[in-house]
Structure formats: structure tokens, C-alpha cells
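To find a chain, count down the sequence lines: A is the first, B the second, and so on, and within it residues start at 1.
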Number of protein chains: 2
Amino acid sequence: MVSLTPRAERLLKALIEQYIAEGQPVGSRTLVKQAGLEFSPATVRNIMSDLEELGLIQSPHTSAGRVPTERGYRFFVNSLLAVKPTKAPDMASIEDRFLADQDPQQLIESMSGLLSQVTKLAGIVRVPRRADVGFLQLDFLALSPARVLVILVTQDGQVLNRVIHPKRPYSASELQQAANMFNGAYAGLSLDMVRRGLVEALRRDSEDMQQILRSAVEMAHQAFAGEAMSEAPLFVSGETNLLAFPELSNTEKLRRLLEAFTAKQDLLHLLDQSMVSQGVQIFIGAESGYEALESCSVVTAPYEVDGQIVGTVGVIGPTRMSYDHVISVVDVTARLLSGALSHSLSG
Amino acid sequence: MVSLTPRAERLLKALIEQYIAEGQPVGSRTLVKQAGLEFSPATVRNIMSDLEELGLIQSPHTSAGRVPTERGYRFFVNSLLAVKPTKAPDMASIEDRFLADQDPQQLIESMSGLLSQVTKLAGIVRVPRRADVGFLQLDFLALSPARVLVILVTQDGQVLNRVIHPKRPYSASELQQAANMFNGAYAGLSLDMVRRGLVEALRRDSEDMQQILRSAVEMAHQAFAGEAMSEAPLFVSGETNLLAFPELSNTEKLRRLLEAFTAKQDLLHLLDQSMVSQGVQIFIGAESGYEALESCSVVTAPYEVDGQIVGTVGVIGPTRMSYDHVISVVDVTARLLSGALSHSLSG
DNA sequence: ATTAGCACTCCCGCGGTCCGAGTGCCAGGG
DNA sequence: CCCTGGCACTCGGACCGCGGGAGTGCTAAT
């Protein structure tokens, strides 16, 4: 890690803050005026020259001011940044969202909207991997003779459902019985284990299985063995907020970015990465490793249920974002979400 | 309705087709060449002059070619357009989507993605209003002593669910009994009627109601009486496709358009409008009545279940879209969706 | 009635100029 | 020795004028 004189640090900090605020390359004169520095523009120029040699700032062209590089932002975030507490009105918006007494799944999904609204950036949320949550119970419900609605409930209150067309009609009591047996057989396992159990059970010949349980297994398999149980959902909101940033609105970058949002693949990897460690994480520009996120930063924080990390919330915006505010908003949102989930699930 | 000479019609048709294909103002010379007309550019200019007086075309400035006006598109769509059958590969994509045996709700929601993918425009889908569908059954499921999962199933296989915190703990058998009584009391009504019934039942003093049913009503009310039952969902996909059109990418229009997509209010009204009559409907530019849709056209078609219109699918794109292809794609999608829904629900 | 010709208009791209902002460097002063 | 004022330099952006090209409208001739 580079080390700077206190003065240089102070200057870099002022420069980055100014650039974040205005979005324009900042020159020595404006920097002196704006930051109230007690030395002259010429001195500032010398220091800037040093900072440029260190790769912390650069100038777009000869006679423009300086702009932070990704390294500059990184240094800024690591060493210079004073995270500001979330502003009261923002805090109020966030807390309001947690007051509404809704089911956990919806609460989690609403986080992306909340974050985008408060930060004026794009909000993202990675919902818990279904495969890991516990199986609670399953129900078969006859919609018509040929159609059965399969409802699967997890221990954290998620509900998955799907309509299937069984091979033969079943009576309501048969279905009830089948569900009871199924629930008895698979209670308490994780969804992933249930799914593997289903595949296993179907491969073995069915002779050693009661006919009614076999029917249940078949129907459950038909409904949920596919990707439905292991799909990896990710929600993005407020993409339009990004249109407001001129550095992104040059269409080509924007297009790639929005396509990355709909493809979700890359984002998913990134968010999974951020699930391994606790606390707020920040990916600046190329650090994310995805081209589509060039000149963007991602700020994430995992949330947990009963001490176990299950998902991530965060925001995506231009590298030029107000890290000091964004970080605290993401952090507090993740914390409150963790609290709300743990409370509502065990309360 | 204006009437034109056959020659003028032919010319207008060629001009609009050319403009749709290229997106550039088209002049007399290129028009003659491209459309293989047997008269000279000068004649074309005279006719164009007439068309301009009629308000069907206009020129952006003196020495540019001509561009269709909204009236021009309208006339084109009404009188000149020969709808082309959906191309085989597109047809294949569409049919593929209906082969996957999934639940109706998901199938409907996937239509917006399908349409955006096939037409390279933004796809929209209005899902059925929940208030109108029939109530099938309701279940209470204890997640923990303090939390009850309420699952509501409609006759068309939709599942709504929400976690509530009842006033006192209930045993599993109490919950079962409550659900049974509730289902007996409200079976067959529409969701809207159920909701009104709930409010009514709570307002009456509870003495004339069995205690256990009263508990069920309270819990059901807690879970679903809010907007959950009457919310009006609308799905939009492929917004990024619109970035490819230069006439929209001027940022300000695009921004408003995308905001209209997230606000959904205006779109919803528009789609509700299109539910009153059968078949494909086309709103060109200002015809939609919403400023955000300026210089955009919307092509919609309602879909039905058992002869009853329940929702709408469609696309949104620039007024300069290939109506001939888009119309047939939207039409066939709506038809196939109607077929799939009627089949899967009664089959 | 159609067409060829022609003058006209306007957009667009090009090169040139000017101006301002900002830099780098140097010499002088605390 | 470090800071600072001064100065020459560079570069981008706005402005301007010009010419070419595309397209039109009009008119006269067929």
C-alpha cells in the first residue's frame, strides 16, 4: 500500500470528494478554493503531479483537471473515507419498510427497490438459495381431475407451487394421504437433500415403497425436481437511476450494463463472492472482474438469519458515487434485514 | 377517413415501409429506386406534396426527405398494411414456450419475455385481475408458535401466501379446523366477494359466529384484506431493446419511457382499455394518451380463459416498428396463450 | 398529366480561429 | 529547502464560414 504525506492525503481526499460531487475533472485552482486549502494552486499542482505518478489520479487530457483512477478510489475508500451515518430521512424510509408486516420473501425482494430509492442508484438483492433452506411441508391440491397443485413450504415461510398433470386422477383423500406420507418421510431435510432423495427414490425400484408414497414422490419430482428448486434469483431495481449519470449514458456502456442486469449471471457470481465474508464489501471498477461493470462500483453487504449468511443486498452505480453515504445505507439495510428476518422467523 | 388515389396509396405504403426499414427520411429519388416505381422522381414529389398537405407525411426540414406522421402510420395500419404470418423460426420460439408444462401464472408472466425476444421490442403482459378469479381454498400452516403461514389458492391455480402473527398460538388441529370452516363458508366466491365478506363478517359482532371461524376470518383478513388481493400486476421485459433505436436514445424521452415502465400506472390503464374489445389493438404515438409514450406505438391483444378476456399481452416500440410482423406475433401469442390456459385449467 | 431541368434551401462536415482552463516549469523569496 | 507567483504552452470547446450534397418546388416543354 502506498503511503502519502498527510498533505497529499488531504488533497486527494478533497479532490475525490469534489469529483464525486461535481463529476467534472477538478483543477488546482478550484480545488484550493473549494477545499479551503491554505497553500497555493502551484503547490497543489506539484502534489497532483506526484499523485498522478502514483497512479491515483489522472487527467483526461493535457489541459483538463484531474480525475481519480480506480486505484485512487480504492485508496480513498480504504484509508481516507469517513463513513457518514445514514441521514435521518433516509433512515426513516428504511425503517418504514421494515414496519410493514409482510412475509419474508417479499420483504427481501423489496430491498432492491428500497436501496435504489434511497441511494438513487440501482439496488440489487440476492435472495437466499432455496436449496439450503429446510423443507417444512408439502401439499397436494386437486384443481380438477387432471390437474394437481403442488405446494411446497419451507421453514422460512417461502412457498413454491406448481401445477402438474398426474398420470391418473387421484381423490382428495388419496392426495391428502400421499402428502402426509411424503411429509413424514422428508420432514426436516434441506430442499437440496429432498431433491436428491427424490431422484434416489425414483431410481430404486418402487417395490419396497408403498404405492401411495411412490405416487407422492413422482408428483413432487414432476413439480420441483427441475431448476425450480435450485434457481438462483436476483432482483435489480432502479436501473433508470443510472441514466442520470453522464459517464454512463454514452449508450454503449449503458447498454452492456443493462444487459448484464437482465442476464444476471455475472452479478450473481459477484454477489456470491460477497457472501463469503461479513460486512460491507466494495468492488471498484475492474475489481469486479466483469467488463460490463467497467466504470461502475458495487457496494454489497450480506444479511443473515440466525447468524448464518443467506443472501446479499447492495447497490450498483458509477465509480463516482458517494461512498460515504452509500456504505452506511447498505450496511444499515443489511443489518435491519437480518434483524427482521431473524425476528420474524423465530419470534 | 381520407381517400387517396391508388398511386398515392402505393407510394405512401412504399415510403412508410422504407422508413420503417431504414429509419431515415426518404426522398423522391431513393423512393423511386427502392420501390421500383415506373414514374419519375418529379412525379413522386408532386404526390408527396399532396400527402404532406393531407398530414400523412412531413419533412423534418426543407431539404430532407419525408417521414410518416402519426396519421400516416394510422392510415397505413388501417388501409395499407398486409399482415405477414409469423416467420417460422419465431413461430418455433413461441411454440416452444408453450410446450414447457408450467403453472399458468408463470406461463403468463413469461409472455413479456417471449414477446420482447421475438420482436426485439419491449414486451408487456397484464396478468388477470385477482379480484375476479374464484376462491378455491385456504390453508393455515403453523411455522412456529407465533407465526402462521396463510396460503390462498384460486381456481386457476394461483397461490398467494403471507405470514401473519396471530394474537394467540393455535394448535395444528385448530388451524386445520379453522381452515375447513373457512373454506366451507366461502367456497366458490370470487376473491373480491371473499374480501368483502371478510370485512362484513368482522364488522358484525362475533357472537353469532363460531369462535373458531371468527379466528379464521381474522387471520385471513390480516393476511389478504390489504392490497395483496387487488393489486394490479404488470410485467415488462426487454426494455433494453429500445436502446437500439436512435429516435429513442436521446436520453430524455428514453428516461421518461423507462420511468413509465416502472411506474406502470399509465401502462396499466392502457392495457385495461385494450381489454374491452377483442383482437389486436394498436395505439400509435399520441393515441395512447400518455406523454411518455410519445413517438412510441403499443400493439396489444387480449387473451382469454374459457371465452372470458382476462388479460392482455403486447409490445411497446418506436412508432417506426414493423407492424406487419409485430401484429401477427402478438396475435398468435395471445391466441396460443388463451389456448394453453383454457386447456390447462379445464383439461 | 408527366417529366426534365433548374434554382433554391437547408443540413452536415470540414477546417480555422479564438478563448479559457489548466498544466509544467522556472526563478525568486520566506 | 520548500513554497509561490509568473509565464509559456497545450488542449478542448465554441464559434464561424465555407462547400458539397441531398432534396425540394417550380416551370416549361412534351
* To do: Kindly confirm or rule out a cation-pi arrangement of B:Arg7 over B:Phe39, judged by NZ or CZ under 6.0 Å from the six-membered ring centre and within 45° of its axis?
  => yes
* For the side chain of A:Arg10 and the backbone of A:Leu37, is there at least one donor-acceptor N/O pair under 3.5 Å apart? ->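 Between the backbone of A:Leu37 and the side chain of A:Arg10 there is no qualifying donor-acceptor contact (under 3.5 Å).
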* Less than 4.0 Å between a side-chain N and a carboxylate O, is that true for B:Arg74 and B:Glu70? -> no
* Inspect the contact between B:Lys13 and B:Glu17 and indicate whether a charged nitrogen and a carboxylate oxygen are less than 4.0 angstrom apart. => yes
Write down the distance between [atom1] ([X]) and [atom2] ([N]), rounded to a whole number of angstrom.
X: B:His61; N: C:dC12; atom1: NE2; atom2: C1'; result: 9 Å
X: A:Gln58; N: C:dG22; atom1: CD; atom2: C1'; result: 16 Å
X: B:Gln24; N: D:dG21; atom1: CD; atom2: P; result: 18 Å
X: B:Leu11; N: C:dT2; atom1: CG; atom2: P; result: 12 Å
X: B:Asp50; N: C:dA1; atom1: CG; atom2: P; result: 13 Å
X: B:Glu38; N: C:dA1; atom1: CD; atom2: P; result: 17 Å

* Side chain to side chain, B:Ile16 and B:Leu12, heavy atoms closer than 4.5 Å ->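 Contact flag for B:Ile16/B:Leu12 side chains = yes.
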* Asked: If the sugar-phosphate is the primed atoms plus P, OP1 and OP2 and the base is the rest, what is the B/S/- string for nucleotides 24-30 of chain D, using protein heavy atoms under 4.0 Å?
  -> BB-----
Only distances under 3.5 Å count here; give the side-chain donor-acceptor pairs of residues 289-301 of chain B to other protein atoms, sequence neighbours excluded, each with its distance to 0.1 Å.
unit_1, atom_1, unit_2, atom_2, d
B:Glu291, OE1, B:Arg256, NH2, 3.4
B:Ser297, OG, B:Tyr323, OH, 2.7
B:Thr300, OG1, B:Ser274, OG, 3.2

* According to a strict under-4.0 Å criterion, is A:Arg7 in side-chain N/O contact with OP1 or OP2 of D:dC2? ->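 No, because none of the side-chain N or O atoms of A:Arg7 sits under 4.0 Å from OP1 or OP2 of D:dC2.
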